[in-house]
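These numbers were taken from a predicted model, which means no experiment stands behind them.
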Amino acid sequence: MNDKKLKAKDFITIGIFSALIIAVEFACGMLGFIHPYIVAAYVVLIPLVGSIPMMLFYTKIEKFGMLTIMSVLIAIVMFVTGMGWLGGPLIIAAGFVADLLAKKGNYKSFKLIAISHGVFCLWICANYFPVIVTAKDYRKNMLEGGYSAEYCDNLFRAINGKTIGVLLILCFVFGVIGAFLGKAVVKKHFEKAGIV
């Protein structure tokens with residue numbers, strides 16, 4: 001039973017890979033300054049770019065809770081960096097459900113890992129919640145922060161209550177595709193971990 005409890009090395013692993021995923025998110029986030037449509041494309045970019053460290057992380061997971069804790073850390077970082085608390089529940093729920101899915105296959109079924117990764121990637125859409133829920137204030141803050149009215153118009157055209165459903169679906173789909181990409185890159189680690 002003690003083997004199922006998270007140990008110090010597990011928390012270190014979670015911390016390292018959480019930092020890598022957050023770094024990927026920030027790197028892709030910087031591209032959003034180029035054009036607001038790139039912000040909407042986070043649902044494609046982050047699942048694909050982040051799939052390599054995430055698939056490597058999956059090869060290290062043997063106990064329930066590691067994905068959930070990672071999602072909590074991401075939610076905290078998103079809050080601290082100004083994304084507010086609105087997306088927190090989605091981030092944590094995505095991590096928890098992803099954890100359950102991977103656990104169902106004892107963290108060895110790649111089919112379930114791919115679906116798990118797709119669900120986990122839904123956390124990315126939490127970035128859009130402030131844009132949708134607090135649209136008026138968000139736009140005002142952007143204009144005061146130096147963004148042009150044209151940039152704001154395009155951002156709210158791409159991300160709104162009507163497009164969020166499509167963005168969530170794309171996020172899941174590219175999360176699954178990313179799992180296959182990541183697996184191909186870290187194939188040796190998957191074989192070593194006995195993941196099929």
Side-chain angles (χ1 to χ4, degrees), residues 1-25 42-79 83 85-129 165 167-196:
M1 188 70 176
N2 288 335
D3 290 336
K4 296 299 181 182
K5 290 183 178 180
L6 295 175
K7 297 178 181 177
K9 70 169 188 171
D10 298 314
F11 288 105
I12 291 169
T13 300
I14 294 166
I16 291 169
F17 284 97
S18 295
L20 287 172
I21 291 304
I22 290 164
V24 167
E25 198 273 344
Y42 289 168
V43 296
V44 174
L45 292 173
I46 299 175
L48 294 180
V49 178
S51 68
I52 297 170
M54 277 304 297
M55 286 303 103
L56 190 54
F57 181 52
Y58 272 98
T59 67
K60 310 288 184 186
I61 300 174
E62 296 179 346
K63 303 165 188 174
F64 181 78
M66 293 179 76
L67 284 165
T68 305
I69 293 170
M70 176 185 267
S71 68
V72 171
L73 293 175
I74 291 172
I76 291 170
V77 171
M78 291 296 103
F79 175 77
M83 294 309 296
W85 58 270
L86 291 170
L90 172 63
I91 297 172
I92 296 169
F96 180 71
V97 173
D99 223 344
L100 288 174
L101 285 166
K103 183 178 184 290
K104 188 175 180 182
N106 199 31
Y107 302 101
K108 299 297 181 187
S109 166
F110 180 70
K111 179 182 177 181
L112 286 171
I113 285 173
I115 297 170
S116 169
H117 185 248
V119 171
F120 183 82
C121 286
L122 295 178
W123 76 265
I124 298 162
C125 287
N127 287 295
Y128 304 145
F129 279 29
L167 293 170
L168 283 163
I169 292 169
L170 286 172
C171 202
F172 173 77
V173 170
F174 279 93
V176 173
I177 292 171
F180 285 89
L181 172 66
K183 182 186 178 185
V185 174
V186 296
K187 185 179 178 183
K188 287 184 179 180
H189 294 279
F190 269 77
E191 291 172 351
K192 187 177 179 181
I195 296 172
V196 293

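The nearest pair of heavy atoms linking L122 to A94 is CB-CB, 4.3 Å. Considering every non-hydrogen atom in both E25 and N127, the closest pair reads OE2-OD1, 3.3 Å. A pairwise comparison of heavy atoms in S51 and G178 identifies CB-O, 2.9 Å as the closest pair. Nearest heavy-atom pair, A126 versus L90, reported as atom, atom and distance to 0.1 Å: N-CD2, 3.8 Å. Between S116 and A98, the shortest heavy-atom contact is OG-O, 2.7 Å. Across every non-hydrogen atom of A179 and A114, the tightest pair is CB-CA, 3.6 Å.
Within the structure, every pair that satisfies the side chain to side chain donor-acceptor pair (under 3.5 Å) test and touches residues 95-105, not counting sequence neighbours, is listed here: T68-D99, D99-Y107.
Shown here are the side-chain contact (heavy atoms from CB on, under 4.5 Å) partners of K60, two or more places apart in sequence or in another chain: T13, F17. For I177, the side-chain contact (heavy atoms from CB on, under 4.5 Å) criterion is met by L48, V173, F174, not counting sequence neighbours.
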Carefully, step by step, assess M66 and F11 under the rule side-chain contact (heavy atoms from CB on, under 4.5 Å). CA-CA 8 Å; M66 293 179 76; F11 288 105; over 6 Å; no
Decide yes or no on side-chain contact (heavy atoms from CB on, under 4.5 Å) for I14 and F57, but give the supporting numbers first. CA-CA 8 Å; I14 294 166; F57 181 52; 4.2 Å; yes
Would I74 and F79 satisfy side-chain contact (heavy atoms from CB on, under 4.5 Å), going step by step from the backbone distance to the final call? CA-CA 9 Å; I74 291 172; F79 175 77; over 6 Å; no
Assess the residue pair F180 and F110 against the criterion (ring-ring contact (aromatic ring centres under 6.0 Å, His included)); give the C-alpha distance rounded to whole Å, side-chain angles, the decisive distance to 0.1 Å, and a yes or no. CA-CA 9 Å; F180 285 89; F110 180 70; 5.0 Å; yes
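With a 4.5 Å cut-off on side-chain heavy atoms, I124 and I91 do not count as touching. Inter-residue side-chain proximity for M54 and M70 is flagged as met; some heavy-atom pair is nearer than 4.5 Å.
How far CZ of F120 is from CG of L67: 6.0 Å, rounded to the nearest 0.5 Å. Between the NZ atom in K183 and the CG atom in L56 there is a gap of 14.5 Å [rounded to 0.5 Å]. Put simply, CZ on F172 and NE2 on H117 are 11.0 Å apart, with the number rounded to the nearest 0.5 Å. L101 CG to L112 CG: the interatomic distance, rounded to the nearest 0.5 Å, is 6.5 Å. Atom OH of Y128 sits about 7.5 Å away from atom OH of Y42, to the nearest 0.5 Å. Distance check, rounded to the nearest 0.5 Å: NZ of K63 to NZ of K7 gives 5.0 Å.
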